[in-house]
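For reference, the structure is listed below as structure tokens.
Below, chains carry the letters A, B, ... as their sequence lines are ordered, and counting in each starts from 1. It should be emphasised that the depicted structure is a prediction, and the values quoted were computed from it without experimental measurement.
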Number of protein chains: 2
Amino acid sequence: MADWLSRNVRIAGVERALKAGEVLFRSEQRTVGLYEVITGKLRLVRVDRAGREALLHVAVAGETLAEASLFAPAYHCDAIATTNAVVRLYPKAIVLTEFERNPETAQAFMAMLARQVMKLRTRVEQRNIHSARDRVRHYLALNTGADGRNVKLTGTLKDLAGELGLTHEALYRTLADMAAAGEIERLKGKIRLSKPLA
Amino acid sequence: MADWLSRNVRIAGVERALKAGEVLFRSEQRTVGLYEVITGKLRLVRVDRAGREALLHVAVAGETLAEASLFAPAYHCDAIATTNAVVRLYPKAIVLTEFERNPETAQAFMAMLARQVMKLRTRVEQRNIHSARDRVRHYLALNTGADGRNVKLTGTLKDLAGELGLTHEALYRTLADMAAAGEIERLKGKIRLSKPLA
DNA sequence: CGGCGTTTTGAGAGAGCTCAACATCGGTGG
DNA sequence: CCACCGATGTTGAGCTCTCTCAAAACGCCG
């Protein structure tokens with residue numbers, strides 16, 4: 001996952017375990033660096049004085065967290081472990097000096113961010129599709145393998161439902177309907193389109 | 001908007017006008033650089049052999065486009081003007097050499113990307129909220145001014161509806177209901193929360 | 001074999017979407 | 001100055017679709 005980090009930065013990473021509910025950082029605190037989620041889930045929230053939370057993001061294993069904090073003096077939201085979790089901290093000073101000393105590292109980081117932007121924009125667009133069927137079609141169209149027919153499924157269908165912003169029931173039904181209509185075939189660990197795209 | 005660009009890069013920008021339907025670039029073509037949308041709308045799509053489009057993103061005035069292309073030899077999608085449009089091209093070579101020569105520029109670019117990632121993650125989270133009322137509340141909570149009461153409205157309510165992923169009718173009704181319930185006040189160009197958050 | 005999570009199917013209700021009609025506002029040209 | 005026009009804003013009614021709650025079948029692992 002962390003292919004965007006040079007070896008120098010990687011080895012500077014410091015792991016920290018969090019219990020569910022524990023706070024990783026709070027808004028206004030001085031930024032210490034960039035985090036990577038190793039296991040578990042954290043939620044990023046903005047909290048008002050009354051203690052109400054407005055959810056900004058849920059970060060899961062493999063994601064990076066607080067990228068913007070590298071360039072800001074203080075955090076702009078709270079990060080709280082939703083489950084027991086392990087995170088790895090890459091200290092700000094080390095990362096930034098590495099970026100200066102080593103432009104390829106900086107480029108790799110930029111490239112990673114740019115890819116994320118693209119992926120997130122796509123996901124926002126996906127969520128603009130109201131029909132479950134069309135949303136599934138959109139997902140399949142953008143995730144076919146090289147042959148334009150097979151879509152590998154990572155994780156459970158329940159996970160996929162979450163990624164698509166559908167309830168698992170809705171997804172099961174939609175897939176069943178599409179299979180019945182001959183639009184797709186459901187195979188072990190993958191879905192095959194009856195009509196290849198590419 | 002383009003505060004993330006150093007003067008050197010800015011002046012290297014080349015404007016180009018596109019008619020509605022005109023193609024800015026196609027998948028597989030060699031990348032020439034990064035674009036900024038000055039006016040109009042472009043859509044980014046993946047097109048299969050049958051000519052069907054899968055929408056990745058709609059870029060509007062003020063946005064940057066194809067950030068990832070700086071780090072890739074070829075484009076991975078098509079960009080097509082949806083309306084008449086004007087874009088500004090920042091040539092790849094100039095931008096990249098500027099990044100190397102001028103680490104602050106590189107940092108500014110990274111910071112801009114990181115902020116975008118945050119904003120997009122937040123938007124995805126927003127779309128996970130099903131109830132129109134709660135979605136509006138989420139938006140208001142995250143867009144109050146310094147006083148925690150006033151939310152400035154940029155553009156029309158119709159635009160806001162689009163940003164929230166609601167039909168304009170649904171938004172009108174929701175705002176009317178919230179105002180009737182005393183939760184908000186609707187003023188010229190802004191909305192005021194009856195109970196400040198911060 | 002037993003238990004837990006995933007997958008599947010059922011029924012019902014609610015919420016937003018769609019289509020439609022109308023009001024309002026700002027700008028334009030006669 | 002006024003009439004017109006287009007876009008925004010507003011309200012109404014009906015419908016579809018997904019969500020929610022429920023229950024059962026299936027599969028995997030200990």
Could you tell me whether a side-chain N or O of [X] sits under 3.5 Å from a main-chain N or O of [Y], the two making a donor and an acceptor?
| X | Y | answer |
| --- | --- | --- |
| A:Asn102 | A:Glu98 | no |
| B:Ser69 | B:Gly33 | yes |
| B:His138 | A:Leu55 | yes |
| A:Arg135 | A:Leu164 | yes |

Looking only at non-hydrogen atoms, find the nearest pair between A:Tyr139 and A:Val151 and report the distance.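 Of all heavy-atom pairs spanning A:Tyr139 and A:Val151, the closest is CE2-CG1, 4.1 Å.
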Between [atom2] on [N] and [atom1] on [X], what's the gap in Å once rounded to a whole number?
| X | N | atom1 | atom2 | answer |
| --- | --- | --- | --- | --- |
| B:Leu160 | D:dT8 | CG | C1' | 13 Å |
| B:Leu157 | C:dC25 | CG | C1' | 13 Å |
| B:Glu169 | C:dA21 | CD | C1' | 12 Å |
| B:Asp159 | D:dT8 | CG | P | 7 Å |
| B:Tyr172 | C:dT24 | OH | C1' | 11 Å |
| A:Lys158 | C:dG5 | NZ | C1' | 7 Å |
| B:Leu164 | C:dC17 | CG | C1' | 16 Å |
| A:Arg173 | C:dG10 | CZ | P | 9 Å |

Sugar-phosphate or base contact per nucleotide [nucleotides 23-30 of chain D; S, B, -; heavy atom under 4.0 Å]: -----S--
If the plane angle is over 60° it's perpendicular, under 30° parallel, otherwise tilted; pick one for A:Tyr35 and A:Phe25.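 Answer is parallel, since the angle falls under 30°.
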For the side chain of A:Arg186, starting at C-beta, report the closest nucleotide among C:dT8, C:dT6, D:dT20. C:dT8
Please report the interatomic distance CZ(B:Phe71) to NZ(B:Lys92), rounded to the nearest 0.5 Å.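 Taking CZ in B:Phe71 and NZ in B:Lys92, the distance rounds to 9.5 Å.
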Regarding B:Gly155, tell me which of base, sugar-phosphate or nothing describes its non-hydrogen contacts under 4.0 Å with the strands shown.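 No contact.
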C:dG16 phosphate, OP1 or OP2, under 4.0 Å from B:Thr167 side-chain N/O: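 Negative; the distance criterion is not met.
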What I want to check is whether the side chains of A:Asp177 and A:Thr174 have a donor and an acceptor closer together than 3.5 Å.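 No pair is found: no donor N or O on one side chain lies under 3.5 Å from an acceptor on the other.
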Any side-chain donor near an acceptor of the partner, A:Glu36 and A:Tyr90, under 3.5 Å: yes
For residues 121-137 of chain B, which residues have at least one heavy atom under 4.0 Å from DNA chain C?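 Heavy-atom contacts with DNA chain C come from B:His130, B:Ser131, B:Ala132.
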